[in-house]
Amino acid sequence: MTSTRTAPIVERPETPGGLRTSDRALAPDRRALVATVVLAAVSVGGAVVSVTGGLAETLFDAMGPTGRLSIPVPMMLAQLVAAWVASGRRRRPALVASALLALVEPVCIVSGFFDGGYSDPARTGAHTAYQVLLVSMLAVVGILAARRFNRVLRDA
């Protein structure tokens, strides 16, 4: 008499579609992505305002590390990518990207205190108003990303 050994069957929780819970597709949520696109537009507008208002010589200067009314291009591109991933249907990437975006936005806001952006004596009242718009959009993106993170985490 010979016996055959079989591997033990491991039960994993499945959804009605047959996917494991961690692989389940999410409902897309594009709010953080839309807000980030608006933030990018506000940032480009801030660069134009900086050049026309004398805070920067060129658009590249205005959207670089010394920009006062815009976000540096590499940081803006990274935020757009993170927002796109956070808005998607894949749970783990959405969780990581939304957490990253929710953490980065307050850092962007606080950095203005350390890089002199909020205290530049060359700013006019209009520049300050535009800066408030930019900071407000950063806060909106951060809040929407945090909400996405909480929703994805809760739907686990």
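Keep in mind it's a predicted model, so treat the numbers as computed, not measured.
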Original post:
If you measure from CG on L133 to CG on L138, what distance do you get to the nearest 0.5 Å?
Top reply: 9.5 Å

Original post:
Do V42 and V140 share a hydrophobic cluster (ILVMFWY, side-chain heavy atoms under 4.5 Å, transitive)?
Top reply: no

Original post:
If Ile, Leu, Val, Met, Phe, Trp and Tyr residues are connected whenever their side-chain heavy atoms lie under 4.5 Å apart, and connections chain through other members, are V48 and L134 in the same group?
Top reply: no

**OP:** Report the distance from atom CZ of F149 to atom CG of L144, rounding to the nearest 0.5 Å.
**Re:** 15.5 Å

Original post:
How close do A102 and A145 get, heavy atom to heavy atom, and via which atoms?
Top reply: N-CB, 3.7 Å

**OP:** Take D61 and L55, measure what side chain to side chain contact (heavy atoms under 4.5 Å, CB included) needs, and give me the verdict at the end.
**Re:** CA-CA 9 Å; D61 292 337; L55 291 178; over 6 Å; no

Original post:
Cluster question for you: counting only ILVMFWY and a side-chain heavy-atom cut-off of under 4.5 Å, with indirect links fine, are V38 and M75 together?
Top reply: yes

**OP:** Starting at CD of E105, measure out to CG of L100 and round the result to the nearest 0.5 Å.
**Re:** 9.5 Å

Original post:
Could you state the interatomic distance from CZ (R89) to CG (D29), rounded to the nearest 0.5 Å?
Top reply: 11.5 Å

**OP:** Determine, step by step, whether L39 and M76 satisfy the side chain to side chain contact (heavy atoms under 4.5 Å, CB included) criterion, reporting the C-alpha distance in whole Å, the side-chain angles of both residues, the deciding distance to 0.1 Å, and the verdict.
**Re:** CA-CA 9 Å; L39 173 63; M76 192 69 256; 4.0 Å; yes

Original post:
What pair of heavy atoms forms the shortest contact from G88 to A94, and how long is it?
Top reply: O-CB, 4.3 Å

Original post:
What is the minimum heavy-atom distance between A82 and A97, and which atoms define it?
Top reply: O-CB, 3.3 Å

Original post:
Hey, any chance I109 and V141 share a hydrophobic cluster, counting ILVMFWY side chains that come within less than 4.5 Å of each other, even indirectly?
Top reply: yes

Original post:
Which residues satisfy the side-chain hydrogen bond (donor to acceptor under 3.5 Å, both in side chains) test with T124, sequence neighbours excluded?
Top reply: H127

Subject >> From CG (L69) to OH (Y130), nearest 0.5 Å >> reply: 8.0 Å

Original post:
Any side-chain donor paired with an acceptor under 3.5 Å for R30 and S87?
Top reply: yes

Original post:
Is V110 reachable from L103 through a run of hydrophobic residues whose side-chain heavy atoms are each under 4.5 Å from the next?
Top reply: no

Subject >> Test log, rule side chain to side chain contact (heavy atoms under 4.5 Å, CB included), inputs E57 and V51 >> reply: CA-CA 6 Å; E57 290 185 27; V51 171; over 6 Å; no

Subject >> All side-chain hydrogen bond (donor to acceptor under 3.5 Å, both in side chains) counterparts of N150, not counting sequence neighbours >> reply: none

Original post:
Taking the side chain as C-beta and beyond, is there a heavy-atom pair between V96 and V85 under 4.5 Å?
Top reply: no

**OP:** Would you mind reporting whether T36 and L101 have side-chain heavy atoms less than 4.5 Å apart?
**Re:** yes

Subject >> Which atom of P72 lies closest to which atom of P65, heavy atoms considered >> reply: CG-CA, 4.2 Å

**OP:** Applying side-chain hydrogen bond (donor to acceptor under 3.5 Å, both in side chains), name anything that partners S136, two or more places apart in sequence or on another chain.
**Re:** none

Original post:
Considering only heavy atoms from C-beta outward, does the side chain of S43 approach that of M63 to under 4.5 Å?
Top reply: yes

Subject >> Side-chain H-bond candidate by donor/acceptor type, Q131 with R123, under 3.5 Å >> reply: yes

Original post:
Between R148 and L95, does a side chain to side chain contact (heavy atoms under 4.5 Å, CB included) hold up when you go through it step by step?
Top reply: CA-CA 8 Å; R148 175 67 170 164; L95 197 62; over 6 Å; no

